[in-house]
Amino acid sequence: MRGTVLFYVLVAVYILAVNFYGFRLVKSQYEEGETETKLRGEVVRMLLTAALGGALAQFITMLVLRFRLKNLVLMIALPLLSVLNGYCFYLIFQAIANLNL
């Protein structure tokens, strides 16, 4: 029982940490207000963070700040990755629930 609780806590902390990093990534880009040429290089970092689990926080932050909404790649990839992340996290929590520790 204690082992499964530890796994639940570890996965929850991971999800919170990656989403917080995604939020701070978008917010820092918004506050810097840099040119479009430098922002294109940041798309790779945003997509990597989104693939690791921070897509939902990035997408919501972009909508709230009205930042980079014209970037078609991010506006299509982030919602898709949000759904994929949610499904993966669901599978992880189901696997933890089925552990016999």
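Start at 1 with the first residue, then count along the sequence. Remember, predicted model here, so these are calculated numbers, not experimental data.
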Taking only residues two or more places apart in sequence, or in another chain, which ones meet Leu72 in a side chain to side chain contact (heavy atoms under 4.5 Å, CB included)?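 Applying side chain to side chain contact (heavy atoms under 4.5 Å, CB included) to Leu72 gives Ile76.
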
Name all residues meeting the side chain to side chain contact (heavy atoms under 4.5 Å, CB included) criterion together with Val13; count only those two or more places apart in sequence or in a different chain, and write none if there are none.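 Applying side chain to side chain contact (heavy atoms under 4.5 Å, CB included) to Val13 gives Val9.
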
Treating Ile, Leu, Val, Met, Phe, Trp and Tyr as nodes and any side-chain heavy-atom pair under 4.5 angstrom as an edge, say whether [X] and [Y] lie in one connected cluster.
{"X": "Tyr30", "Y": "Leu69", "answer": "yes"}
{"X": "Leu78", "Y": "Met75", "answer": "yes"}
{"X": "Val43", "Y": "Leu80", "answer": "no"}
{"X": "Tyr14", "Y": "Phe7", "answer": "yes"}

Donor-acceptor contacts, no H, no angles, side chain residues 45-63, under 3.5 Å, sequence neighbours left out:
from: Thr49; atom 1: OG1; to: Arg45; atom 2: O; distance (Å): 2.9
from: Gln58; atom 1: NE2; to: Met46; atom 2: O; distance (Å): 3.3
from: Thr61; atom 1: OG1; to: Ala57; atom 2: O; distance (Å): 2.6

Residue pairs fulfilling salt bridge (Lys or Arg N to Asp or Glu O under 4.0 Å) with at least one residue in [range], sequence neighbours excluded:
{"range": "residues 53-64", "answer": "none"}
{"range": "residues 14-23", "answer": "none"}
{"range": "residues 6-25", "answer": "none"}
{"range": "residues 69-88", "answer": "none"}

[X] [atom1] to [Y] [atom2] distance, which is reported to the nearest 0.5 Å:
{"X": "Ile92", "Y": "Ile15", "atom1": "CD1", "atom2": "CD1", "answer": "7.0 Å"}
{"X": "Leu65", "Y": "Gln29", "atom1": "CG", "atom2": "CD", "answer": "11.0 Å"}
{"X": "Ile96", "Y": "Leu91", "atom1": "CD1", "atom2": "CG", "answer": "11.5 Å"}

Please list all pairs passing the ring-ring contact (aromatic ring centres under 6.0 Å, His included) test where one or both residues lie in residues 79-100, with sequence neighbours left out.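 Passing the test, one end in residues 79-100: Tyr8-Phe93.
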
Apart from Leu84 itself, which Ile, Leu, Val, Met, Phe, Trp or Tyr residues share its cluster (side-chain heavy atoms under 4.5 Å, direct or through members)?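 Leu81, listed by chain and number.
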
Residues clustered with Val83, ILVMFWY side-chain links under 4.5 angstrom: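 None; Val83 is a cluster of one.
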
Partners passing side chain to side chain donor-acceptor pair (under 3.5 Å) against Glu31 (at least two apart in sequence or in another chain):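 Side chain to side chain donor-acceptor pair (under 3.5 Å) check on Glu31 returns Lys27.
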
